[in-house]
Amino acid sequence: MRNVWIIARREYNAYFNSPIAYAMAAALLFSIGVLFAGDVYYSGIYPDFVPSVDRITQIAVAMLIFIMPALTMRLISDEARQGTLELLLTAPVNDGAVVVGKWLGGVLFTLTVLATTLIYPIMLNGMVQPPLDRGLLITGYLALVLFTMVFTALGVAISALFDNLVATFIATIGSFVALWYFIGIPGSLAGGAVAEVSRYMAFNRYFETMLRGAIELTGLVYYLSATAFFLILATLVLQSRRWR
Amino acid sequence: MIQVEGLTKDYGARRAIDDIKFHAEKGEIVGFLGPNGAGKTTTMRILAGYMPATSGKAVVAGYDVMEDSIEVRRRVGYLPESVPLYTDMTVLDYLKYMGDLHGVANSIERAEDVLQQVDLSDRAETYIEYLSKGMRQRVGLAQALLHEPEVLILDEPTIGLDPAQIREVRALIQHIGKERTVLLSTHILAEAQTMCDRVLIINKGKIVAEDTAKNLEARLTTGGGRLSLRVKSKAKSLIPTLKALKGITDVELAQDGALLIETKPGVEVRPEVARTVIAENCDLLELRQHGMTLEEIFLELTAEPTTEG
């Protein structure tokens, strides 16, 4: 556990030294900022306009799908490319701790960036009457936290697979898009067992429920077990590197 | 301290190391000498706990590298050949991080100590990306020393250093080697001779010779020598005269016009060769003793029966 924290701290701090991290924060804050400006503008023109919180979380998630791969790609790929992975794998740390440490560092950084976006709903809250739905705000951001946990875990697993950053980046975006947008499609097209499984597997289904203010136990269990699954997968991929 | 038996590693169909056996004791500096691709790095990576062997057994500091990898890693200081470092960190932050991972109690104080040992205290706050190759090498060495390991595994520790730095690093390793076990690799014969108590010569994945540096030197100097001679003109006409000299076994004209002279083991023929060239009225431009290349050393050593050291 101690090693997890040491590695997580190093990863977290390393993001603040990397231009990609700032670019990501800027992109996220800018896109949500545009939405915020629009809300402020409309509430000025139409006194009874009520801005919705879930629009902020919706756009945040759409941005994260394309931005997070740039954050997670370096976690293991970059160490492999620079050779520092050899140092990490010859330190008295088990492979699982390396993976979880990397994941935790990535999650904490993304959450830090997400936390800064809270400034918009807080400001908006002071401007509109009636104020924003606080419950929706909390479940919306909780959904974002869960999303970050699952997709960072997947990102680490893909990052453990390649030495090349571009390959990692493209593979990560591809898997994110597939998991988020496409996995539920069979469920909405056909019937039967496949459709049932596909509906259950759809990542965005539980997310949208949470944006509407409801927390489903199935959703929580699904996100947490998916995170654990991807972390185990990442550990196995990292272990397999020793045999290559 | 290090006990290796029957160690074999395959990369797919290629056998990188083949049934290697050796040992190293406390207070001993053992050198791995061999050309690139001989299997030095593979052996060291296995001993450092980076990857498993295909078969065989290796015990480091009392623990099996395959079964108790973490315990081995706690007791080994490892410097990989490429000296990988986190270039986005300062020297001190990097050493503190590595110290923390190795469970060093006062990692900052300890980092400062080792920086003093490798003479880099004034660069503690410098970002690693701004350090020269020699300084990076020393940071890598500092990292390997941080947790006061019982066994040090150093893959080409002096590669890329300038002569003054090489001297410093060699002195440092010799100092460290007094109380610990050091296994280092090199492809420079002179380095193995000056630093190591014992030398293992490895070629194509096999240990072809194992001996003390002193014995090795003796065995090499009793072998025949080779001179190259360059004269202004009439080189070809010198061949029969030179061949007739005592101690010379063969003379041939190289493509670049120099004469290559093979001599009998332990016989100094240079003064006689010089006198002959002058007597024959040729203008002497160059007379040089050739060092043995690694390939020649292997041929030389493998031709004789190996003695276990």
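The sequence lines fix the lettering, A, B, ..., with proteins before strands; numbering per chain opens at 1.
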Seminar exercise, completed: Among A:Ala97, A:Gly83, A:Ala91, the residue with the most heavy-atom pairs under 4.5 Å to chain B is A:Ala91
Exercise. Between A:Leu87, A:Val93, A:Ile7, A:Leu85, which has the largest tally of heavy atom pairs under 4.5 Å with chain B?
Worked result: A:Leu87
Problem set entry | Cation-aromatic face contact A:Arg74/A:Tyr15, 6.0 Å, 45 degrees | yes
For this session: Check each atom of B:Arg45 against the heavy atoms of chain A and say whether the ones under 4.5 Å are side chain, backbone, both or neither.
Result: side chain
Exercise. Any ion pair linking A:Asp78 and A:Arg81 (charged N to carboxylate O, less than 4.0 Å)?
Worked result: yes
Problem set entry | Contacting moiety of A:Asn94, where chain B heavy atoms sit under 4.5 Å | both
For this session: Please look at B:Tyr50 and chain A and tell me whether the side chain, the backbone, both or neither of the residue comes under 4.5 angstrom of a heavy atom of that chain.
Result: both
Exercise. Is the shortest side-chain N to carboxylate O distance from B:Lys57 to B:Glu5 below 4.0 Å?
Worked result: no
Problem set entry | Which portion of B:Glu71 sits near chain A, non-hydrogen atoms under 4.5 angstrom | neither
Problem set entry | Residues B:Lys40 and B:Glu81 bridged, charged N to O under 4.0 Å | no
For this session: Let me know if B:Leu79 has heavy atoms under 4.5 Å from chain A in its side chain, its backbone, both or neither.
Result: neither
Problem set entry | B:Asp100 with B:Arg110: basic N within carboxylate O range, under 4.0 Å | no
Exercise. Taking NZ, NE, NH1 and NH2 as the nitrogens, is one of them in A:Arg241 or A:Asp95 under 4.0 Å from a carboxylate oxygen of the other?
Worked result: no
